[in-house]
*Asks:* 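Pasting a structure below so you can have a look.
Not measured: the values here are computed from a predicted model. Below, chains carry the letters A, B, ... as their sequence lines are ordered, and counting in each starts from 1.
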There are 2 protein chains.
Amino acid sequence: MSTKKISEGTISRLFIYLREITALVRMNIRTISSAELGERTNLTDAKVRKDLGQFGQFGVSGSGYDTGELKVALERILGKDKTWNVAVVGTGQLGSALLAYPGFKQHKLSVVAAFDADTKKIGKKISGVMIDSIEDMPKIIKEKKISIGVVAVPSESAQDAAEKLVAAGVSCILNFAPTSLSMPEKVKVKDVDLSRELETLSYFLANKR
Amino acid sequence: MSTKKISEGTISRLFIYLREITALVRMNIRTISSAELGERTNLTDAKVRKDLGQFGQFGVSGSGYDTGELKVALERILGKDKTWNVAVVGTGQLGSALLAYPGFKQHKLSVVAAFDADTKKIGKKISGVMIDSIEDMPKIIKEKKISIGVVAVPSESAQDAAEKLVAAGVSCILNFAPTSLSMPEKVKVKDVDLSRELETLSYFLANKR
DNA sequence: CAGACTTTGTACCATTTTTCACAGAATAAG
DNA sequence: CTTATTCTGTGAAAAATGGTACAAAGTCTG
């Protein structure tokens, strides 16, 4: 394994490159230059080369990158060959939508458990996933080898839900609650806050010249 | 207006501060120090002061920030005093969920139009919003003074949908399609790509040591 | 009202990220 | 084979971001 640490920005962009490269392969385009890949992803050629360069030398001077080769390399780098198990906490409007969301499966993530505090919901199924009691979380997380927890509860309960997930053993949290979670260093937290995205747009509109 | 450009990161954090401050005001807490605000938002005191400092001097040495005053100031800075109109293109699974999403209203965004290419859907309502034909987009966007367009169509049609929105007059795009949109400089594009967030988590899991 | 304490605003420094720019490698053309 | 062209990989410069530290300003206490 390479020793230097790769920035989150780079990782995020690698997925963008992979998406584009996959489309190119499908179109039977065999090679692409950093300049054109940059064009297609709205990034600069230098950034493309720097990002890719961190993992070795894929390019060929004078002709560019071989799409097929690059696709395989990126998939390996990005760990697209493994599947991870996911648990969703909260089965309200948002939680239910997430349970139905096909994107998890598409990205090798398998939603294998759902939890809710409402005892009336326990034992029922949503999109084929059984709803369990929060109390059974430690047992189920361990049994089903779940490593990603999705927090889809109201803000007030978000910190608590996240702590329970971490205590039960997950190492990544995907947080949909619009609140800042305090988590130990070792836990990876990813906030998905649609409100804030929307608000940023408001700011742009209010301040555009 | 201040002349220097404010970074997107700062803007995003201002909304976090505002959220926290709003909660504090509700709890009748009158002042707060940058240190404590930082604690509550998982940011450092210096960053809080630096962010706020870019818009003037709100703090009082020795006692901190007046929550009521700061709330008003932030709301003004962030344009929360105005309401913006939104149109959603695409009324499939995701589009429908967005039309039902209460977060828009909560953030002074009003979804006043929806468009779909499927003629069978036109004329129907989802969550109280009428679905119109893409052809009528220019007229409706203008009439209803819509400034934000939400792209909730499949990747293949995303670029086209975005271009139509921009041609009709919107200046911000919220893009849910997992593809990179090419847009004129002046248009603000915000990508919301749950897949990529998920994938980044996968990468973290695959490479955590 | 003096001295101890708190807390801001900012200048300075460190680190990370982005951009620039160019030597050298591969290709293409005559 | 030689020359022109394309395009990578990467140092070095520049910009952005984040963190430290402290003077100055305000508050609190007796």
*Asks:* Would you mind classifying the nucleic acid contact of G59(B) as base, sugar-phosphate or nothing, using non-hydrogen atoms under 4.0 angstrom?
*Replies:*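 Sugar-phosphate, backbone atoms only, no base.
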
*Asks:* With sequence neighbours left out, write down each residue that passes salt bridge (Lys or Arg N to Asp or Glu O under 4.0 Å) with D45(B), or none if nothing qualifies.
*Replies:*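 D45(B): salt bridge (Lys or Arg N to Asp or Glu O under 4.0 Å) contacts with R49(B).
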
*Asks:* Under the rule for salt bridge (Lys or Arg N to Asp or Glu O under 4.0 Å), what residues qualify as partners of K190(A), not counting sequence neighbours?
*Replies:*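 Scan of K190(A) (salt bridge (Lys or Arg N to Asp or Glu O under 4.0 Å), adjacent residues dropped) gives E8(A), E197(B).
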
*Asks:* With salt bridge (Lys or Arg N to Asp or Glu O under 4.0 Å) as the rule and sequence neighbours excluded, what pairs involving residues 26-37 of chain A come up?
*Replies:*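 As it turns out, the salt bridge (Lys or Arg N to Asp or Glu O under 4.0 Å) pairs with a partner in residues 26-37 of chain A, which skip direct neighbours, are E36(A)-R40(A).
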
*Asks:* When the distance from CD of E36(B) to P of dT6(C) is rounded to whole Å, what number comes out?
*Replies:*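 So the CD-P distance, E36(B) to dT6(C), works out to 14 Å.
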
*Asks:* Which whole-number value in Å describes the distance from L52(A) CG to dG9(D) P?
*Replies:*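 The answer, rounded to whole Å, is 8 Å.
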
*Asks:* Once salt bridge (Lys or Arg N to Asp or Glu O under 4.0 Å) is applied, what residue pairs with a partner in residues 153-172 of chain A remain, sequence neighbours excluded?
*Replies:*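 Checked against salt bridge (Lys or Arg N to Asp or Glu O under 4.0 Å) - neighbours excluded - the pairs reaching residues 153-172 of chain A are D160(A)-K164(A).
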
*Asks:* In whole angstroms, how far is the P atom of dT10(D) from the CZ atom of F58(A)?
*Replies:*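 Answer to the nearest Å: 12 Å.
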
*Asks:* Any chance the side chains of N42(B) and S182(A) put a donor and an acceptor closer than 3.5 Å?
*Replies:*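 Distance-only check passes for N42(B) and S182(A).
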
*Asks:* Less than 4.0 angstrom between a side-chain N/O of Q57(B) and OP1 or OP2 of dA25(D), yes or no?
*Replies:*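 No, outside the criterion.
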
*Asks:* Please report the distance, rounded to the nearest Å, between OH in Y65(B) and P in dT27(D).
*Replies:*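 Rounded to the whole Å, the gap is 15 Å.
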
*Asks:* For F55(B) and dT8(C), what is the distance between atoms CZ and P respectively, to the nearest whole Å?
*Replies:*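 Between P of dT8(C) and CZ of F55(B): 18 Å.
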
*Asks:* Atom pairs under 3.5 Å, N or O on each side, protein against nucleotides 11-18 of chain C: can you list them with distances?
*Replies:*
from	atom 1	to	atom 2	distance (Å)
dT18(C)	OP2	R13(A)	NH2	3.2

*Asks:* Rounded off to whole Å, could you give me the CG-to-P distance for the D45(B) and dG18(D) pair?
*Replies:*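 After rounding, the gap between these two atoms is 14 Å.
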
*Asks:* Check ring pair (Phe, Tyr, Trp, His ring centres under 6.0 Å) between F104(A) and all other residues, then give those that pass, not counting sequence neighbours.
*Replies:*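 With neighbours one apart ignored, the set is Y101(A).
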
*Asks:* Dump the pairs, protein N or O against N or O of nucleotides 1-4 of chain D, anything under 3.5 Å, distances to one decimal.
*Replies:*
none

*Asks:* Under the rule for side-chain hydrogen bond (donor to acceptor under 3.5 Å, both in side chains), what residues qualify as partners of Y65(B), not counting sequence neighbours?
*Replies:*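 Partners of Y65(B) by the side-chain hydrogen bond (donor to acceptor under 3.5 Å, both in side chains) criterion come out as none, since no residue qualifies.
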
*Asks:* Any salt bridge linking E199(A) with K80(B)? Criterion: basic side-chain nitrogen under 4.0 Å from a carboxylate oxygen.
*Replies:*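 Looking at K80(B) together with E199(A), the answer is yes, because their closest N to O distance falls below 4.0 Å.
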
*Asks:* Got a list of protein N/O to nucleotides 23-30 of chain C N/O distances below 3.5 Å?
*Replies:*
from	atom 1	to	atom 2	distance (Å)
dA26(C)	O4'	S61(A)	O	3.2

*Asks:* With sequence neighbours excluded, what pairs up with T83(A) under the side-chain hydrogen bond (donor to acceptor under 3.5 Å, both in side chains) test?
*Replies:*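 Expected list: none.
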
*Asks:* Tell me, please, which residues at least two apart from T200(A) pass side-chain hydrogen bond (donor to acceptor under 3.5 Å, both in side chains).
*Replies:*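 Partners of T200(A) under the side-chain hydrogen bond (donor to acceptor under 3.5 Å, both in side chains) test: none.
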
*Asks:* Between D66(B) (CG) and dT7(C) (C1'), how many Å, whole number?
*Replies:*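 Rounding to the nearest Å, CG of D66(B) and C1' of dT7(C) are 15 Å apart.
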
*Asks:* The criterion is side-chain hydrogen bond (donor to acceptor under 3.5 Å, both in side chains); which residues satisfy it with D132(A), sequence neighbours excluded?
*Replies:*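 Result, side-chain hydrogen bond (donor to acceptor under 3.5 Å, both in side chains) vs D132(A): none returned.
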
*Asks:* Can you tell me the distance, in whole Å, between the CZ atom of R49(B) and the C1' atom of dA25(D)?
*Replies:*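 So the two atoms are 13 Å apart, to the nearest Å.
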
